[in-house]
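Starting from 1, each residue takes its place in the sequence as its number. Just so it is clear, the structure is predicted and the values come from calculations on it, not from any experiment.
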Amino acid sequence: MRQFVNDSGGVTRGLREGKRYILTLNGEPLAEVKPIKRRRFVPTAEAQAVFATAPAIDWDEVRADLDAMIDDGLRDPFDGTGL
């Protein structure tokens with residue numbers, strides 16, 4: 001604990017480099033501090049496995065929902081503004 005408190009900057013740098021720490025109190029292990037591993041990409045096979053179980057998309061239903069929600073008629077944006 002003393003090293004962690006006295007040299008938190010060094011510990012932080014060590015964590016960024018992938019180093020793990022065991023915090024002890026009076027020589028007894030208290031906690032493990034380790035860096036969080038963040039993936040930068042998902043392997044293709046894993047992404048395909050996830051999407052393989054996704055429900056099928058009914059594109060006609062999607063289009064009907066969009067048509068119901070969006071007015072795609074043309075209008076003059078300056079109509080009624082006097083411009």
Side-chain angles (χ1 to χ4, degrees):
M1 291 291 295
R2 183 175 298 137
Q3 179 188 1
F4 185 73
V5 171
N6 291 339
D7 188 21
S8 61
V11 173
T12 302
R13 282 188 295 281
L15 288 167
R16 285 188 176 155
E17 295 168 0
K19 190 173 181 181
R20 295 174 176 228
Y21 295 90
I22 301 292
L23 302 182
T24 60
L25 187 61
N26 298 325
E28 186 177 330
L30 180 65
E32 179 181 7
V33 180
K34 59 184 181 178
I36 296 173
K37 293 192 179 199
R38 298 183 182 174
R39 296 194 315 191
R40 295 182 185 257
F41 70 96
V42 176
T44 302
E46 189 175 331
Q48 288 173 336
V50 169
F51 287 113
T53 61
I57 296 174
D58 181 345
W59 292 108
D60 292 331
E61 186 178 332
V62 171
R63 181 61 193 201
D65 287 345
L66 289 172
D67 287 342
M69 297 299 297
I70 298 172
D71 177 14
D72 60 354
L74 297 176
R75 67 176 185 83
D76 183 353
F78 299 108
D79 189 30
T81 63
L83 296 176

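In this structure, Arg20 CZ and Leu15 CG are separated by 10.5 Å, a value rounded to the nearest 0.5 Å. In this structure, CE in Met69 is found 11.5 Å from CG in Asp71, a value given to the nearest 0.5 Å. Remark: Thr12 OG1 to Lys19 NZ distance equals 12.0 Å, nearest 0.5 Å.
The 12-atom threshold is exceeded at CD of Glu32, counting heavy atoms of other residues, nucleotides or ligands nearer than 6.0 Å.
Between the side chain of Ser8 and the main chain of Val5, no donor-acceptor pair closer than 3.5 Å is present.
Follow the hydrophobic side-chain contacts under 4.5 Å out from Ile22 and you never reach Val33; the two are in separate clusters.
Looking at residues two or more places apart in sequence or on another chain, you find a side-chain contact (heavy atoms from CB on, under 4.5 Å) between Gln48 and Thr44.
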Let me have the donor-acceptor pairs involving side chains of residues 57-64, under 3.5 Å, with sequence neighbours excluded, atom names and distances please.
from, atom 1, to, atom 2, distance (Å)
Asp58, OD1, Asp60, N, 3.1
Asp58, OD1, Glu61, N, 3.3
Arg63, NE, Asp67, OD1, 3.2
Arg63, NE, Asp67, OD2, 3.4
Arg63, NH2, Asp67, OD1, 3.4

Would you list the atom pairs, donor with acceptor, under 3.5 Å between side chains in residues 73-83 and any protein atom, with sequence neighbours excluded?
from, atom 1, to, atom 2, distance (Å)
Asp76, OD1, Phe78, N, 2.9
Thr81, OG1, Phe78, O, 2.6
Thr81, OG1, Leu83, N, 3.4

